[in-house]
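I'd like to ask some things about the structure below.
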Amino acid sequence: MLDHRHVLDLSCGLLERRTRFGLGAGRVLTVRQQRLVHMADPHLAALRTEFTPDGFAGELEVEAALDGSVTNAGVTRYRDLDGRHLTHVHTGTVAPDTVWLRCRTRTSDIRIALAARLTADEPVSDGHEPSRAVQRTRLQLTPGRTATVDKTVAVHTSHDPAISDPLRAAIDRVVAAPGFDDLLETHLTAWDQLWRRADLEVPGEAGRILRLHLFHVLQTLSPHTADLDVGVPARGLHGEAYRGHVFWDELFVLPYLNLHFPEVSRALLRYRHRRLDQARAIGRRGALYPWQSGSDGREETQELHLNPRSGRWLPDHSRLQHHVGSAIAYNVWRYCEASGDTEFLHTKGAEMLLQIARFWADSATWDDQLERHRIKGVVGPDEYHEAYPDAPEPGLDDNAYTNVTAAWVLTRTLELLRTLPEPRRRELAERTGLDDGELEQWEDVSRTLHVPFHEGVISQFEGYGDLAELDWDGYRKRYDDIRRLDRILEAEGDMVNRYQASKQADVLMLGYLLSPAELRSLFGRLGLRLDEETWHRTVDYYLRRTSHGSTLSGLVHGWVLARARRAESWTYCQEALRGDIADLQGGTTGEGIHLGAMAGTLDLVQRGLTGLETRSGALWLDPVPLPELSSYGFCLRYQGHWGVRLRLEHSCLKIEVPSSDRSPIDIRLPDRAVSVEPGETCRLVLPD
C-alpha cells in the first residue's frame, strides 16, 4: 500500500476511500470507492468502485458478496458471548447481474432479505457459497483508463409496511433502482433538505464537531424513523456496545429533535407508549419502565458486569434506576410544549403520564418521624452508588434526583388532568380506574417527598454526607485517568459505595432538566427553599466529587455551569464535544458513538446557552453568552412555523420568522416581551 485516504463528507453522507497499491516494477493500481446509504430511499445502498492502472495492463478479478455469516465481534469483552444473530440463510440468483440472500434473526425471528445488482463493463457471473451470495467479474485493465463496478443493494424486513414478502420486495426494488449517478443525485438532495431543517452555525473547531454530532443524530433518527417502531439506541446504529438496548438516552436526544423533527419525537414516544403494558406487568401499581430494554420493552438489564481491571464478574444493580420513567414523562411534556400536539398529550401522552405518576405515588412510603414521604431502594443517575456500605441488600433511600423528578411528574400529571377536556378525562378515568381519592394521594405525595440536605447542600441520597471522603489528589497522581473510579477501587479490593464520589451528574441533573425558576418553584411546592446561594454551593460540592466516568457528565456540568459559574463552563463543554472525537472514555468509542452526548451538545447550543424554553404558548429566552462561544445561529421548527432562525451575535439577538399563514410568535425575555409576525425580523439588544 503506497497511500490511503478515507473521507466522510458530512454534507451529503458520502464515504470515500482512495488507495494506491504498488505491484512492483513501477506498476501502480489506484482503487477509489464511494459508498452511500440512501437517505431518500432507506431501503437502498450503493457502492461504486473505480480501478485505474498505471504502468501495466492486465486482467483483474473482482468479487462482490452478500454475507450472511457476519457476526457481532466489535466489542472485546463480548467476544466470549455468542455473536451470531442470523440463521436460516439462503441465497439465489434472479438474473446474471442480480443475486439475493434471505435469513432470519435468531431470537426475534425477523425475516431479512437483501438483493444486489452488480454493474460492470464485463459480464457478471454468480458463484454462491454457504451463507454468501457471490458475484464475480473479470475486468480488462488498460493503462490510464478507469474501469468501474457499481453495486446496488436493497434490503427489506418483515417489519416493513406495505409489503408481503421481504425477498420479493427487495428484488423488485433493486431491479427498479436507477444507476449510481442518479441515486447519488437524489441522495444529495435528501441530505441537503435535512441540513436546511437542522441548520447550525457555530464557528471554529466547536462548529465542526457539532456538525459531526448532528450528522450522527440525523443518520440514526431521521424522518424515516417516524414510520418505524424503534427507540433510541444508546450507541447509534453502528455500535455493538450495550447490544442495542434502549436506556434513558432519549432524555438528551428528544429535546433537540422536538424543535427540528417533531414527527420523529412523536414516533419515539409512541414506541414507549406501545410498551406501556409491559412496563405495568410487574405486580406494582402504575408503570415502571425498565433501565435496559429491547424489542418488546421488558427488563433486560444484565445482572452481572465485568471489571476489566480485576477480571472479576460483579453483581449489577443498575435495574434499580427507576428514574427512566420520569425521563419519559419529561419528554412527553417537552415534546407537546414545543410542537403544540395536544392530541398526543390528551391521549397517549396522558396515559403514560398517568401510569408513571401512579407508580411514583405507589412507591412512596410515609415516614412518621420525618413527616414526609420517602422512596427507598433505588439507584440514581450517578450509577457508582448501588448500596450502602456493608448493606446486605442493594438500593439507596431518597435519591434527590429521583424524588424531585417524581414530584415533578406528579405535579405535571395533576395539572394535565385538570385541563383535559371533560369527556376525555372521563374516558381516561374509566379506562384506568382513576378516582378522586387517588388524585388526593398524588397531591399529598407531590408536596411531601423527602429531599435530604447536609452541610447546606442537597444530598445525593440519604446518608451521602456520612460517607468517607476520597483522596482525589492521591488517586489522580497514581492513576492519572480516574474516570472509571469504580473499577480502580474494586481492583484494589475497595468499593466506591464507601465514598463521596460520583461517576456523573446526579443532583446536578436537576439543573440540566429544569430552569432555575422551575426548580425553585418545585422545591417551594415541596415546602423547601432553594435559593441561588444553596444551588451554587451544591454545584461546587459535587463538582469536587465527580470523576466524569460518562460522556454525559461533561455535557450536564457545562450546561449547569453556564448559569452557575460561567468562567468554568467552557472546560466542561469542551469535554462534552471531545468525548467521541478524542475517545475520552478510554476505548469506548470504538464500541459505538455516544448518541445521547452528541445530541446533548447540539441542545446545549440550542437551549442551554440561549435559555430557550417552550411554555405557555411562547418562546422564552434568557441567553448566557460564553466568551468562547458568543456568536452562533440555528434554525428551529416551532408549533407549525418552519425555519425560524435565531442568531446571537455578542449582545444582539436576531430572530427571523419566515412568511406563512401562522399566528405571530410570542418571545419572552427576562426584561421584555415581543411578538414577531411571519415574514418579520426582530433584533433585540441584550443587557450586559
Side-chain angles (χ1 to χ4, degrees), residues 1 15-21 23-24 27-38 41 43-71 84 86-104 111-157 165-184 187:
M1 185 184 292
L15 184 69
E16 179 175 320
R17 292 174 176 169
R18 188 187 295 265
T19 311
R20 292 174 64 242
F21 297 98
L23 306 180
R27 298 174 302 163
V28 175
L29 177 64
T30 299
V31 180
R32 177 186 181 229
Q33 286 190 318
Q34 293 177 294
R35 64 177 64 199
L36 60 90
V37 177
H38 207 272
D41 186 340
H43 297 282
L44 290 175
L47 172 67
R48 166 165 284 180
T49 309
E50 298 173 339
F51 304 93
T52 306
D54 183 11
F56 75 99
E59 187 176 79
L60 179 70
E61 181 178 318
V62 178
E63 178 183 291
L66 300 174
D67 189 357
S69 64
V70 294
T71 61
R84 296 176 297 112
L86 303 179
T87 186
H88 295 84
V89 180
H90 299 278
T91 62
T93 301
V94 178
D97 64 344
T98 305
V99 296
W100 55 264
L101 180 148
R102 69 180 178 192
C103 57
R104 294 174 179 265
R111 291 179 293 151
I112 301 172
L114 300 96
R117 184 184 71 204
L118 201 67
T119 305
D121 294 334
E122 304 293 338
V124 175
S125 63
D126 65 321
H128 301 299
E129 301 170 0
S131 300
R132 297 175 82 236
V134 180
Q135 295 174 285
R136 294 185 179 90
T137 185
R138 291 181 178 273
L139 303 178
Q140 304 302 319
L141 299 183
T142 303
R145 291 189 61 186
T146 297
T148 301
V149 178
D150 289 342
K151 177 182 179 182
T152 307
V153 177
V155 58
H156 273 279
T157 81
D165 172 32
L167 179 57
R168 173 49 54 192
I171 292 171
D172 290 346
R173 190 171 293 269
V174 83
V175 168
F180 186 90
D181 290 328
D182 290 336
L183 283 174
L184 179 59
H187 175 72

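Nothing fancy with the numbering, it's 1 onward along the sequence.
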> T152 and L183: side chain to side chain contact (heavy atoms under 4.5 Å, CB included), yes or no, with the steps?
Replying inline: CA-CA 9 Å; T152 307; L183 283 174; 3.9 Å; yes

> In terms of side-chain heavy atoms, does Q135 have a donor or acceptor partner in E63 at a distance below 3.5 Å?
Replying inline: no

> Between atom OG1 of T19 and atom CE of M1, what is the distance when rounded to the nearest 0.5 Å?
Replying inline: 5.5 Å

>> Restricting to non-hydrogen atoms, name the atom on A113 and the atom on A170 that form the minimum distance, rounded to 0.1 Å.
In response: O-CB, 3.8 Å

> Which heavy atom in V89 sits nearest to a heavy atom in S131, and how many Å separate them?
Replying inline: CG1-CA, 3.7 Å

> Just how far is it from atom CG of D67 to atom CG of L86, taken to the nearest 0.5 Å?
Replying inline: 9.5 Å

> Between T93 (side chain) and V99 (backbone), is there a donor-acceptor pair under 3.5 Å?
Replying inline: no

> How close do A64 and L118 get, heavy atom to heavy atom, and via which atoms?
Replying inline: CB-CD1, 3.9 Å

> Do NZ/NE/NH1/NH2 and the carboxylate oxygens of D41 and R173 come within less than 4.0 Å?
Replying inline: yes

> Going by an N to O cut-off under 4.0 Å, is there a salt bridge joining D150 and R48?
Replying inline: yes

> Looking at P143 and G55, what are the two nearest heavy atoms and their distance?
Replying inline: CB-N, 4.5 Å

> Can you name the closest pair of heavy atoms from E122 and R138 and give their distance?
Replying inline: CG-O, 3.0 Å

> Can you check side chain to side chain contact (heavy atoms under 4.5 Å, CB included) on V62 and L139, steps first, answer last?
Replying inline: CA-CA 7 Å; V62 178; L139 303 178; 3.8 Å; yes

>> Working to the nearest 0.5 angstrom, can you tell me the gap between F51 CZ and L141 CG?
In response: 8.0 Å

> Only one of T148, T30, T146 forms a side-chain hydrogen bond (donor to acceptor under 3.5 Å, both in side chains) with T52, so which one is it?
Replying inline: T146

> Just how far is it from atom CZ of R111 to atom CZ of R104, taken to the nearest 0.5 Å?
Replying inline: 6.0 Å

> Would H90 and W100 satisfy side chain to side chain contact (heavy atoms under 4.5 Å, CB included), going step by step from the backbone distance to the final call?
Replying inline: CA-CA 8 Å; H90 299 278; W100 55 264; 4.1 Å; yes

> Which pair of non-hydrogen atoms, one from V153 and one from A116, has the smallest distance, and what is that distance?
Replying inline: CG2-CB, 4.0 Å

> At what distance, to the nearest 0.5 angstrom, does NZ of K151 lie from CZ of F180?
Replying inline: 13.0 Å

> How are the rings of H43 and H156 set relative to one another: parallel (under 30°), tilted (30 to 60°) or perpendicular (over 60°)?
Replying inline: parallel

>> Rounded at 0.5 Å granularity, tell me how far CG in L36 sits from CG in L184.
In response: 6.5 Å

> Step by step, would you call R132 with T91 a side chain to side chain contact (heavy atoms under 4.5 Å, CB included)?
Replying inline: CA-CA 7 Å; R132 297 175 82 236; T91 62; 5.8 Å; no

>> Would the distance check show the side chain of R117 and the main-chain N or O of V174 forming a donor-acceptor pair, the cut-off being under 3.5 Å?
In response: yes

